[in-house]
Amino acid sequence: MNGKHITKLGFEGKAVGLALTAAKLREDAGVSRGDILDELQSVQNYPEQYRGGGVYADLAAHLLEQQAAQQSRQSAKLRAAPLPYRTWGADLIDPGAHAQMDVAMQLPVSRAGALMPDAHVGYGLPIGGVLATENAVIPYGVGVDIGCSMMLSVFPVGAGNVSTDEARSLLLKHTRFGAGVAFDKRDRLDHPVLHEATWKEQPLLRHLFDKAATQIGTSGSGNHFVEFGTFTLAQADPQLEGLDPGEYLAVLSHSGSRGFGAQVAGHFTGVAQKLWPQLDREAQKLAWLPLDGEPGQAYWQAMNLAGRYALANHEQIHARLARALGEKPLLQAQNSHNLAWKQVVNGQELIVHRKGATPAEAGRLGLIPGSMADPGYLVRGKGHPEALASASHGAGRQLGRKAAERSLAKKDVQAYLKDRGVTLIGGGIDEAPQAYKRIEDVIARQRDLVDVLGEFRPRVVRMDTGSEDV
DNA sequence: ATGTAC
C-alpha cells in the first residue's frame with residue numbers, strides 16, 4: 001500500500017497521509033489490500049459514519065472539515081456584479097458610500113437594497129444604506145450602535161414657557177453624556193426592559209446586564225443629543241390625535257444602546273467574520289450570520305433586546321425631563337434607525353437592515369433630525385417599495401470628523417449657533433452644523449418616501465464634549 | 001458608536 005493507491009481514490013492534501021496511516025494499521029491487523037481500499041472508498045463517501053471512532057476517525061474528521069471549507073468558499077463567493085438598487089439624492093452622496101453599497105449588493109445573501117440621501121461612508125454597510133438579505137443577518141449591516149433611535153415629546157405649553165437658563169439647568173441635571181457614563185445608584189430609574197428573561201438566555205447577555213442597568217437613561221457621545229426646542233404643527237392631522245396647529249415646547253433626543261449594544265455588535269461581527277474566512281477582503285465587514293443557525297439566532301435575540309433597551313433609554317430621558325417640567329406630553333413619537341427587521345419584499349420574507357435609515361412604511365411616524373442648530377422633522381412614511389419602505393435618518397455628514405476638525409473653527413460654529421438662537425452645552429467641532437448636509441436638501445430628495453407633518457427647531461442642545469470644545 | 005480592543 002502506498003500513496004499512489006490513495007491518490008487514485010481521490011484523496012487530496014493532508015487526507016492522503018491520514019488515509020495511509022489508517023491503511024497501514026489495517027494491513028498490520030491482517031486485512032487485505034482490496035478490502036482496505038473498499039473501506040477507504042467508503043470513508044470518503046460517508047465520512048460522517050466514521051467520525052465517531054476507530055482507525056478512520058481522524059481521516060473522516062479531516063474530510064468533513066475539507067467539505068465544510070469547500071462549501072464556505074462556494075457560499076462566500078461575491079456576485080460578479082452588484083444587484084441593481086435605487087439611490088435617493090445621488091447628487092448629495094460621495095462615491096465612497098456608493099462603492100460600499102455596491103459591495104453589499106454583491107453579497108450572495110443580498111436580494112434588494114436602497115441608498116438614502118443622507119448616505120455616507122461607514123463600517124461595512126454605508127450609513128444611510130438599506131439592505132435586504134435572505135436568511136442572513138449582518139451585524140455591521142445594523143451598525144455598532146444597535147437600536148440607535150430618536151424620540152420626540154411635545155408638551156401642552158408654549159415654547160416660551162421654559163427659559164433658556166431653565167432648559168439649560170434641566171438638561172445639566174437630568175441627562176448624562178459621555179462614553180462610559182452611568183447614573184449614580186441613587187439616581188437610577190427602573191424599566192421593564194431590565195426585567196426581561198432574555199438577559200438570562202445567553203452568557204453574553206448575562207455578562208452585559210450590569211453595564212446595561214447602570215447606563216440606562218444616559219446619552220453617550222458622538223452625534224447623540226438631548227434638546228429643548230419648538231415644535232411647530234402647521235396643519236392638523238388625524239393621526240396626531242387632535243393636536244391643534246401651533247407652536248409647542250418639545251424635547252427631542254438621539255441615543256442608542258450604549259456600551260451594551262456596542263459589545264453585542266463587536267462580539268457577533270467577530271463570530272460572523274470567523275464564519276466566512278474566504279470572504280473577499282472588501283466585504284469582510286459585511287460578514288453575515290445565517291438566521292437558521294445558532295449564532296444567527298443568538299444575534300437576532302441580542303439585537304432586538306438592544307433595540308428595546310435603546311428605546312427604554314429615551315423613555316427614561318423623556319420621563320425625567322417631563323417630571324421636572326411637571327408636564328405630561330401631548331404627543332410622543334419614536335423610531336429606531338439602526339436595526340434589522342423581518343419584512344416582506346416582493347412577496348418574500350427577507351431581513352431588511354436599516355443602518356442609519358428611518359423605517360417609513362405607509363402611515364408610520366418617524367423623526368428625521370438635522371444638525372445641532374437646524375430643524376428636525378416629524379414625518380410619515382409612504383411605504384415606497386423600491387426604498388424598502390425607508391427614508392434618511394438625518395441630514396448625514398458631508399465632512400468626516402477629522403475633516404471637520406481641520407477645516408472648521410470654533411468661531412464658525414459659534415456664529416452659526418448665534419444666528420439661529422441656539423444655546424449649546426458640550427458639543428465639538430466634529431459635530432459642527434457645517435459638517436452636515438443641508439437638512440432641507442436631504443428632505444427635498446425624499447418627498448416620495450415621507451410626508452413632513454411637523455418641524456422641530458432646537459433652542460437648547462446638550463451633547464457630549466467633543467475632542468475640541470465649541 | 002464605545003472607554004482604551006479576543
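These figures come from a predicted structure and were not determined experimentally. Naming convention: chains lettered A, B, ... in sequence-line order (proteins, then strands); numbering from 1 in each chain.
- Nucleic acid contact class of A:Gln273 (heavy atoms, under 4.0 Å, all strands): none.
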Inset, instruction - Give the C-alpha distance, both sets of side-chain angles, the deciding distance and a yes or no for side chain to side chain donor-acceptor pair (under 3.5 Å) between A:Gln239 and A:Arg380. - result: CA-CA 10 Å; A:Gln239 201 172 350; A:Arg380 178 165 51 216; 2.7 Å; yes

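- Rounded to whole angstrom, the span from the CZ atom of A:Phe177 across to the C1' atom of B:dT2 amounts to 15 Å.
- Checked options A:His393, A:His254, A:Lys355; the residue passing with A:His337 is A:His254 (criterion: side chain to side chain donor-acceptor pair (under 3.5 Å)).
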Dump every N/O contact between nucleotides 4-6 of chain B and the protein below 3.5 Å, one line per pair.
none

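- Residue A:Gly256 is classed as having no contact, given no heavy-atom separation below 4.0 Å to the nucleic acid.
- Note on A:Ala179: a base of the nucleic acid sits closer than 4.0 angstrom, heavy atoms only.
- Remark: A:Arg462 fails to qualify as a cation-pi partner of A:Phe225 under the 6.0 Å distance and 45° angle criteria applied to the six-membered ring.
- Applying the salt bridge (charged side-chain N to carboxylate O under 4.0 Å, His left out) test to residues at least two apart or on different chains, the pairs with a partner in residues 441-461 of chain A are A:Asp91-A:Arg445, A:Lys382-A:Asp451, A:Arg438-A:Asp441, A:Glu455-A:Arg457.
- If you check every strand for non-hydrogen atoms under 4.0 Å, A:Ser257 touches nothing.
- In this pair, A:Tyr123 and A:Tyr140 present their aromatic rings parallel. The plane angle is below 30°, not in the 30 to 60° band.
- If you check the side chains of A:His191 and A:Glu315, you find a donor sitting under 3.5 Å from an acceptor.
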